[in-house]
Amino acid sequence: MFEGINWLIGIIKSMEINDVIDIILVAVLIYYLLRFIIGTRGLQILIGLFFLLFLWLIAKILHLTTIEWIFDNLWSIGIFILIVVFQPEIRRGLAKIGERGLFRYSLLSKKKAIDEIIRAATFLAERKIGALIVFERSIDLENYTEGCVKLNADISLELLISIFIPQTPLHDGAVIIRDQQIVSARCFLPLTINPNIPKNIGTRHRAGIGISEETDAIALIVSEERGEISLAVDGKLYRNLDPLTLRNMLIKLLEIEKADFVEKTFKKLRKRQKNEKV
Ligand SMILES: Nc1ncnc2c1ncn2[C@@H]1O[C@H](COP(=O)(O)OP(=O)(O)OP(=O)(O)O)[C@@H](O)[C@H]1O
C-alpha cells in the first residue's frame, strides 16, 4: 500500500511541465470525445468495446488460448475496425470543427437570438398556434435530425413563425436550434413514457419532455389548446411561463451570460489589436 503511494509520489515528483501539459491536453481530448459520443450510437459501440476488453482480460487470466488468439489478432486490426464503425461520427466531428472552428462565432448575438425566439413563441401563443423548439446543449442532437428537413438558417422571428403556421409543410414536429441557427425542422422526437405526466398533457408536450429526458436539451413548447408557453428541462415541465421568466430561464440554462462574456472579451481583444495596427 505505502509502496504504491511512494511510487505515485515518485512519479509526480519526476513530472515536468510538458508532462502536465500533455496530461491536461489528453484529459480535455477525452472529455470532448465523450461529450461528443454521449447520446449517440457511438456510446453503445463504446460500451460494446469495453465489454470485449473485459472478455479479453478474463480470457488472459483464465488462459483461454483460442479466445486469447482471436482477440490478439482482432486488436491488431482494431484501429481499422474502429475507423469503419465510427466513420459517421468521425466525419461529423471533423465537419463540425471546420464549420464552427474551436470558438463558435456568429454575427447574431446569443441574447438577440433568444429574444427573437421568445418574440416568436409569444406571437404563436397569442394566436394559439402550437410549436416545439428544441435547444441543443452539450449533447449532440444529430441523431434526432435524421428524417427532418435541414435548414441551417439564422434564427429570425419571421422564419420561426412561418415554420409553425398550420397547414404548411414544416409546421408538424419540432425545430432544432444549435447555437444561433435553426438546423432542422419537422423533427420527430421520442415521447416520454413517464407515468406521472398528467393524462391531459398531449403529444407535443410529451415529445418535448421526452427529448429533455434522453438528452440535456431544453424544449420550448407552445400549446395550441391553451396558448401557454412551457419549458421542458431534465424531464420536468415548467408551465405557463411569461416572457420575462422564460428569458431568464433560457439565459441561465443556455449559459448565455458566460458565452457573452467570452464573445465580448474576444471582440475587445480584436478591436484592441486593430487599433494597435493603426
Ligand atoms: N413525437 C413527436 N415529435 C415531435 N412533434 C410531435 C410529436 N408528436 C406530436 N408532435 C406534434 O404535436 C402535435 C400534436 O399535438 P397535441 O395536440 O397532441 O399535443 P399537446 O401537447 O396537447 O399540444 P397542444 O396543447 O398544442 O394541443 C402534432 O401535430 C405534432 O406537430
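Source: prediction; values computed, not measured.
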Colleague: I need the Glu68 CD to Lys60 NZ distance, nearest 0.5 Å.
Modeller: 4.0 Å
Colleague: Hey, what do you get for CG (Asn194) to CG (Leu237), rounding to the nearest 0.5 Å?
Modeller: 11.0 Å
Colleague: Could you go step by step and tell me if Ile221 and Ile229 meet the side-chain contact (heavy atoms from CB on, under 4.5 Å) rule?
Modeller: CA-CA 6 Å; Ile221 309 125; Ile229 302 175; over 6 Å; no
Colleague: Calculate, to the nearest 0.5 Å, the distance between atoms CG and SG belonging to Leu170 and Cys148 respectively.
Modeller: 10.5 Å
Colleague: Flag the pair Asp154 / Gln181 as yes when at least one side-chain heavy-atom distance between them is below 4.5 Å, and no otherwise.
Modeller: yes
Colleague: Go through Thr245 and Asp242 one step at a time and tell me if the side-chain hydrogen bond (donor to acceptor under 3.5 Å, both in side chains) criterion holds.
Modeller: CA-CA 6 Å; Thr245 316; Asp242 61 82; 2.6 Å; yes
Colleague: Are Thr168 and His171 side-chain neighbours, meaning at least one heavy-atom pair lies under 4.5 Å?
Modeller: yes
Colleague: I want to check something: taking the side chain as every heavy atom from C-beta on, are Lys150 and Thr145 in contact at a cut-off of under 4.5 Å?
Modeller: yes
Colleague: Taking atom CD1 of Ile201 and atom OG1 of Thr192, what is their separation to the nearest 0.5 Å?
Modeller: 10.5 Å
Colleague: At their closest point, which heavy atom of Ser212 faces which heavy atom of Lys236, and how far apart are they?
Modeller: OG-N, 4.5 Å
Colleague: Are the side chains of Phe135 and Leu250 in touch, meaning some heavy atoms are under 4.5 Å apart?
Modeller: yes
Colleague: Using the rule that two of Ile, Leu, Val, Met, Phe, Trp, Tyr join whenever any of their side-chain heavy atoms come within less than 4.5 Å, decide whether Val20 and Leu29 are in one cluster.
Modeller: no
Colleague: Ser156 and Glu116: side-chain donor and acceptor closer than 3.5 Å?
Modeller: no
Colleague: I need the minimum non-hydrogen distance between Leu132 and Ala219, along with the two atoms involved.
Modeller: CD1-CB, 4.2 Å
Colleague: Out of the candidates Ile163, Val149, Val175, only one should pair with Arg186 under the side chain to side chain contact (heavy atoms under 4.5 Å, CB included) rule; please name it.
Modeller: Val149
Colleague: Could you tell me whether the side chain of Asp19 and the main chain of Glu16 form a donor-acceptor pair under 3.5 Å?
Modeller: yes
Colleague: Would you mind reporting whether Val134 and Ile177 have side-chain heavy atoms less than 4.5 Å apart?
Modeller: no
Colleague: Evaluate His205 against Arg239 for side-chain contact (heavy atoms from CB on, under 4.5 Å), listing each step before the verdict.
Modeller: CA-CA 10 Å; His205 290 78; Arg239 297 177 68 175; 5.8 Å; no
Colleague: Can you hop from Leu64 to Leu53 via hydrophobic side chains spaced under 4.5 Å?
Modeller: yes
Colleague: Let me confirm one number: the CD1-NE2 distance from Ile67 to His63, rounded to the nearest 0.5 Å.
Modeller: 13.5 Å
Colleague: Rounded to the nearest 0.5 Å, what separates atom CZ in Arg178 from atom CD1 in Ile155?
Modeller: 12.0 Å
Colleague: Quick one: closest heavy-atom pair of Pro243 and Ile118, and the distance?
Modeller: CB-CG2, 4.0 Å
Colleague: Are the side chain of Asp22 and the backbone of Asn18 linked by a donor-acceptor contact shorter than 3.5 Å?
Modeller: no
Colleague: Give me the atom names and distance for the closest heavy-atom approach of Arg247 to Asp115.
Modeller: NE-OD1, 2.6 Å
Colleague: Only pairs at least two apart or in different chains count here, so list each salt bridge (charged side-chain N to carboxylate O under 4.0 Å, His left out) that has a residue in residues 200-209.
Modeller: Arg204-Glu224
Colleague: Is there a path of hydrophobic side-chain contacts, each under 4.5 Å between heavy atoms of I, L, V, M, F, W or Y residues, that connects Ile114 with Tyr238?
Modeller: yes
Colleague: Quick one: do Lys128 and Glu228 make a salt bridge, cutoff under 4.0 Å?
Modeller: no
Colleague: Which one of Val222, Asp172, Ile133 satisfies the side chain to side chain contact (heavy atoms under 4.5 Å, CB included) criterion with Phe164?
Modeller: Ile133
Colleague: Step by step, work out the side-chain contact (heavy atoms from CB on, under 4.5 Å) result for Arg137 and Thr215.
Modeller: CA-CA 9 Å; Arg137 287 205 284 179; Thr215 68; over 6 Å; no
Colleague: How far apart are the closest heavy atoms of Cys187 and Tyr144, and which atoms are they?
Modeller: CB-O, 4.0 Å
Colleague: State yes or no: do Ile209 and Ile193 share one hydrophobic cluster built from I, L, V, M, F, W and Y residues joined by side-chain heavy-atom distances below 4.5 Å, directly or via other members?
Modeller: no
Colleague: To check you understand the geometry: which heavy-atom pair defines the closest contact between Leu160 and Ala120, and what is its length?
Modeller: CB-CB, 3.8 Å
Colleague: Taking it one step at a time, do Leu254 and Ile218 satisfy side-chain contact (heavy atoms from CB on, under 4.5 Å)?
Modeller: CA-CA 9 Å; Leu254 299 171; Ile218 300 164; 3.8 Å; yes
Colleague: Answer yes or no for Arg127 and Phe123: cation-pi contact, defined as NZ/CZ to six-membered ring centre under 6.0 Å and angle to ring axis within 45°.
Modeller: yes
Colleague: Quick one: do Ile58 and Leu49 end up in the same hydrophobic cluster if we chain Ile, Leu, Val, Met, Phe, Trp and Tyr together by side-chain heavy atoms under 4.5 Å apart?
Modeller: yes
